[in-house]
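Structure record follows, encoded as structure tokens.
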Amino acid sequence: MKSDAVKKGMQQAPHRSLFNALGLTEEEMERPLVGIVSSYNEIVPGHMNLDKIVEAVKLGVAMAGGTPRVFPAIAVCDGIAMGHIGMKYSLVTRDLIADSTEAMALAHQFDALVMVPNCDKNVPGLLMAAARINVPTIFVSGGPMLAGHVKGKKRSLSSMFEAVGAYAAGTMTQEDVREMEEKVCPTCGSCSGMYTANSMNCLTEVLGMGLKGNGTIPAVYSERLKLAKHAGMQVMELLRKNIRPRDIMTKEAILNALTVDMALGCSTNSMLHIPAIAHEIGMDFDITFANEISARTPNLCHLAPAGPTYIEELNEAGGVYAVMNELNKKGLLHTECMTVTGKTLGENIEGCVNKNPQVIRPIENPYSENGGLAVLTGNLAPDGSVVKRSAVVPEMMVHEGPARVFECEEDAIAAITGGKIVPGDVVVIRYEGPKGGPGMREMLNPTSAIAGMGLGSSVALITDGRFSGASRGASIGHVSPEAAVGGPIALVEEGDIIRINIPETKLELLVSDEELARRKENWQPREPKVKTGYLARYASMVTSGNRGAILEIPKK
């Protein structure tokens, strides 16, 4: 066993004395040492229940003959961090989580790991760590929140952000906003729509790293505790069979994740996280081939914010396995991929029927023949940009309008809520990319303000930053190269005409090459917004959004 390096032999007598200090018995010392990575904290609603999940995992590990030991991973609530300096610290935690988990796991020589994340950066961060450490590993999340109920309709966090815009537009009273804020987030768990947290938790099932239901069983259901016990037991089976993350997270599994992403209509943030996970297994991931997969993958789900259904309904309809079974009817998945069940993906999904064709459209009757995400390229985004096509209204699929240019998120919000943005405009928010932000802030406040002001069917937003999974509308993010490195988005001037054509995957600035070349000659890099601490180190190492905002050591 790997843990023999800290438990066996005379040279390890000092190590054993420290295990004695932990109260471990000789019997426990003889068993495999299983690390449980807990993202529990008391500030993130999606993580406040993870202590109970962890206890269930520990019980499962012990029942199956292992010795569980818990250590922590940090987590940021994107909703609480939204719209202020805190959002600069959201995406950057993905790499902190991966790095610190790698350090803890290898320093203590765990034989196996159980990852217990829930929210946006924790799932991909721990998937990245799992690929690096490569000991038998399984994921069990905290589960999604139940949808709220306001005035007889189901609502979620995105409704709350849009309510702020509606109040500014005078279409909602302060009392209405107050009622919503008390009801839209009624339970613990990751926010109830197909936002980033639930997107990534669903994709753990597709990647083969989580058991059935990991992405969809609500946080408050006792079934979630049963799942956690089974995960604890199953990691011991993975250890006995020596099935490791890199046996599971192969190139084919990554392609499966991208395919199901398209069918589910996942968050655009998945187009940051899937490339980062692929990078950890040595796969060169070019985001533009997402369009090839999208071209052959129908969009089967319109979960909030794209539609009126929520994760709890996806769970009742058969969950992620039912979606995969629909896709497999047309042979769209690599079914030979190994999974944490010890069986192949094809064996896992066999017989998993679609129980509600209103929630999961049959593959013969999709919402669209193309997937939920699209990568747009053109002279404004030579290296690509990303839009959640399934959340764009038909009249905005093709749009042309004047650029309204803002150097930061706050200025754009002030203009939107101040009534300075009119139908037809294309809002451009730049210097918010991975380096320029730094940290690539989510733009849920401006997208929600646009929707709340009644401009969702007439105004587009383009940024080198990113969007929350709760964003909807013609919201185009991850524009690469970003403004901070002199990308074309840095050269846009007020009033320039921008043409968006989502069906043709084009994003064009209607300015001549000669004029852009002149502007480029006059462009000067900006002083970094942050010069000390972790954000400064992050900015010095991070790549643009098209590469997943991965960290690389700068070349000398």
Side-chain angles (χ1 to χ4, degrees), residues 2 37 94 98 101-102 105 112-115 117 123-141 199-212 214-215 231 234-235 237-264 266 270-294 296-297 320-321 323-325 327-328 330-350 352 371 373 547-548 550:
K2 191 179 183 73
V37 187
R94 185 188 70 187
T101 302
E102 174 192 358
L113 296 168
V114 182
M115 307 296 199
V123 182
L126 291 179
L127 284 166
M128 291 161 66
R132 287 185 205 170
I133 300 160
N134 203 36
V135 298
T137 301
I138 195 168
F139 277 65
V140 57
S141 76
S199 295
M200 294 309 302
N201 278 321
C202 286
L203 294 184
T204 61
E205 293 188 50
V206 186
L207 285 168
M209 293 298 294
L211 297 175
K212 181 183 179 183
N214 184 54
Q234 187 59 26
V235 79
E237 187 66 19
L238 295 173
L239 181 59
R240 280 186 280 273
K241 294 180 177 178
N242 195 30
I243 298 174
R244 304 181 182 212
R246 285 184 217 158
D247 300 324
I248 295 170
M249 290 192 287
T250 60
K251 176 181 178 181
E252 289 74 23
I254 295 288
L255 295 177
N256 282 343
L258 194 53
T259 300
V260 178
D261 186 318
M262 296 296 175
L264 285 171
C266 290
S270 63
M271 291 301 293
L272 285 174
H273 301 321
I274 293 175
I277 296 161
H279 176 74
E280 295 293 343
I281 66 166
M283 178 183 173
D284 185 18
F285 188 104
D286 180 352
I287 66 167
T288 58
F289 72 62
N291 288 335
E292 298 175 27
I293 290 179
S294 179
R296 62 176 180 265
T297 306
V320 177
Y321 275 31
V323 174
M324 289 194 284
N325 201 34
L327 294 173
N328 198 40
K330 289 193 174 180
L332 295 174
L333 298 174
H334 296 275
T335 55
E336 75 284 359
C337 291
M338 179 51 61
T339 72
V340 291
T341 66
K343 299 177 182 178
T344 65
L345 184 76
E347 291 173 314
N348 286 345
I349 66 176
E350 188 175 352
C352 293
L373 298 180
R547 298 189 57 206
I550 61 171

Apply side-chain contact (heavy atoms from CB on, under 4.5 Å) to residues Lys212 and Asn348 and explain how you reach the verdict.
CA-CA 8 Å; Lys212 181 183 179 183; Asn348 286 345; over 6 Å; no

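Residues Leu127 and Phe139 meet the side-chain proximity criterion, which asks for heavy atoms closer than 4.5 Å. With a 4.5 Å cut-off on side-chain heavy atoms, Leu207 and Ile254 count as touching. With a 4.5 Å cut-off on side-chain heavy atoms, Leu255 and Met283 count as touching. For the pair Val340/Ile243, no side-chain contact is recorded, criterion being any heavy-atom separation below 4.5 Å from C-beta on. A 4.5 Å side-chain heavy-atom check between Thr101 and Met115 finds at least one atom pair inside the cut-off. By the 4.5 Å heavy-atom criterion applied to side chains, Leu211 and Val140 are not counted as neighbours. Contact annotation: the side chain of Ser141 never approaches that of Thr204 to less than 4.5 Å [non-hydrogen atoms, C-beta and beyond].
Put simply, OG1 on Thr137 and CD1 on Ile248 are 8.0 Å apart, with the number rounded to the nearest 0.5 Å. Atom-to-atom distance recorded for Ile281:CD1 and Arg246:CZ is 9.5 Å, nearest 0.5 angstrom. Note that the CG atom of Leu258 and the CG atom of Leu373 stand 8.0 Å from one another [nearest 0.5 Å]. One distance of note links CG of Leu264 with CE of Met324; it measures 9.0 Å at 0.5 Å rounding. Atom CZ of Arg296 sits about 11.5 Å away from atom CG of Asn291, to the nearest 0.5 Å. Between the CE atom of Met249 and the CG atom of Asn256 there is a distance of 13.5 Å, given to the nearest 0.5 Å.
Nearest approach of Cys337 to Thr250, heavy atoms of both residues: SG-OG1, 4.1 Å.
Counted within 6.0 Å of CD on Glu336, heavy atoms from surrounding residues, nucleotides or ligands total more than 12; the atom is thus considered enclosed. Under a cut-off of 6.0 angstrom, the local environment of CG in Asn242 is crowded, with over 12 non-hydrogen atoms contributed by other residues, nucleotides or ligands.
Remark: the backbone N or O of Leu333 is not paired with any side-chain donor or acceptor of Thr335 at under 3.5 angstrom. Between the side chain of Glu237 and the main chain of Gly342, no donor-acceptor pair closer than 3.5 Å is present. Arg94 places no side-chain N or O within 3.5 Å of a backbone atom of Gly125 that could act as its donor or acceptor partner. Not one N or O on the side chain of Glu280 forms a donor-acceptor pair closer than 3.5 Å with the backbone of Ala129.
Exactly one residue among Cys202, Ser270, Ser199 makes a side chain to side chain contact (heavy atoms under 4.5 Å, CB included) with Asp261. That residue is Ser270. Across Thr339, Leu345, Thr344, a single residue satisfies side chain to side chain contact (heavy atoms under 4.5 Å, CB included) together with Thr341, and that is Thr339.
The side-chain contact (heavy atoms from CB on, under 4.5 Å) test applied to Pro275 returns Phe285, Ile287, not counting sequence neighbours. Applying the side chain to side chain donor-acceptor pair (under 3.5 Å) criterion to Gln234, with sequence neighbours excluded, gives no partner residue.
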